[in-house]
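Structure first, then comments.
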Amino acid sequence: MVTLSKKVVAVSGSPRSGQPNQKSFTEKILDLFIQGMDPVDYKKFYPHKMNINYCRACLTCWFKTPGKCVFNDDMKILKQEIEEADVFILASPVYIDGFSAPVKAVLDRCFAMLDPFITVDKEGHCRHKRFKPREQVALLVSTCGFSEADNFNHIRHHFEALCKNFGWQNGGEILVPAGALGFIHGAYDDKYEAVKKAGKEFAEKGMVSYQKIQQISEEQIKADKYSEIVNSFFARLISRVKSGNG
Ligand SMILES: Cc1cc2nc3c(=O)[nH]c(=O)nc-3n(C[C@H](O)[C@H](O)[C@H](O)COP(=O)(O)O)c2cc1C
């Protein structure tokens, strides 16, 4: 086992994560990846449990107090942790084809990490430099409720844009579709093993291979069969709730 000596910071962005009585599937995948990675310096943050205001676009962090937001809230701590990380992991379920609201709130507040002056990159595209530039690798961890891997298309594109705009090297995307299978004992054991191996691979090579990414996001079940299983579970759940046993 290779123990990763870099500073690793994760944002666990499902509102179900970090709760004793609820289980977040995204956090489960994040935790398995971390288990494989085995970092010595690791911190996980739950933005929904923190006091993080929405960016109000006052631009104070650009023109009045460069790099410093008007809000004196928990983003002060999280921003510093993200800025000092070697490896940054963004974990979010797919919510209405995008990131969860707590994750989006964090990302918007990362605006204060960017210098207002626009530079043009090698591809001729406008970018902002970082106030505190640093070599960083970022990874995306996500799960979704539908069975097809294309449900990750939007957040994958968003993540790729984030990597370019924040100067992160894309270290890999750990995307598990058909989240309901996570509730069926044994259904996803192979995927869990692959996620752990991806974490180990990251610790050894500094990125997750395309092959492993494909293996993890591969559809486990066809939409027809999946919808049958999920719908019958939902029907049972609704009747249990109706009868007062839910
Ligand atoms: C508000 C909300 C919006 C969702 N939108 C989508 C969606 O657009 N596409 C999809 O495949 N799943 C969607 N889902 C399902 C979740 O992505 C899926 O259940 C995920 O595994 C939940 O992760 P968690 O247990 O970590 O919260 C949505 C769930 C919620 C609660």
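As the structure is a computational prediction, the values presented were derived from the model and not from experiment. Numbering of ligands and ligand atoms starts at 1, following listing order.
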field: Distance from atom 11 (O) of ligand 1 to nearest protein heavy atom, with residue and atom
entry: F146 N, 3.0 Å

- prompt: Where is the nearest protein heavy atom to atom 2 (C) of ligand 1: which residue, which atom, and how far?
  reply: Y95 CD1, 3.5 Å

message: Ignoring hydrogens and geometry beyond distance, is a side-chain donor-acceptor pair present between E84 and Q80 at under 3.5 Å?
response: yes

field: Nearest non-hydrogen protein atom, atom 20 (C) of ligand 1
entry: T143 OG1, 3.3 Å

message: Could you identify the single nearest non-hydrogen protein atom to atom 22 (C) of ligand 1 and state the distance to 0.1 Å?
response: R16 NH2, 3.5 Å

Closest protein heavy atom (residue, atom, distance) for atom 8 (O) of ligand 1: D97 N, 3.0 Å

query: Considering only heavy atoms of G145, which atoms of ligand 1 have at least one such atom less than 4.0 Å away?
result: 10 (C), 11 (O), 12 (N), 15 (C), 16 (C), 17 (O), 18 (C)

query: Does a side chain donor of either S14 or E27 reach within less than 3.5 Å of an acceptor in the other side chain?
result: no

- prompt: Which heavy atom of the protein is the closest neighbour of atom 13 (C) of ligand 1, given with residue, atom name and distance?
  reply: V94 O, 3.2 Å

- prompt: Which class fits the ring pair F166 and W168: parallel under 30°, tilted 30 to 60°, perpendicular over 60°?
  reply: parallel

- prompt: Have D73 and N51 got a donor and an acceptor in their side chains that come within less than 3.5 Å?
  reply: no

task: State whether a side-chain donor-acceptor pair under 3.5 Å links S12 with S17.
output: yes

- request: Please state whether the rings of H128 and F111 are parallel, tilted or perpendicular, taking 30° and 60° as the class boundaries.
  value: perpendicular

message: Looking only at protein heavy atoms, which one is nearest to atom 5 (N) of ligand 1, and what is the separation?
response: I96 N, 2.8 Å

field: Sub-4.5 Å side-chain heavy-atom contact between V94 and F99
entry: no

- request: Mind checking whether S14 contacts ligand 1 via backbone (N, CA, C, O), side chain (CB onward), both or neither, at a 4.0 Å heavy-atom cut-off?
  value: side chain

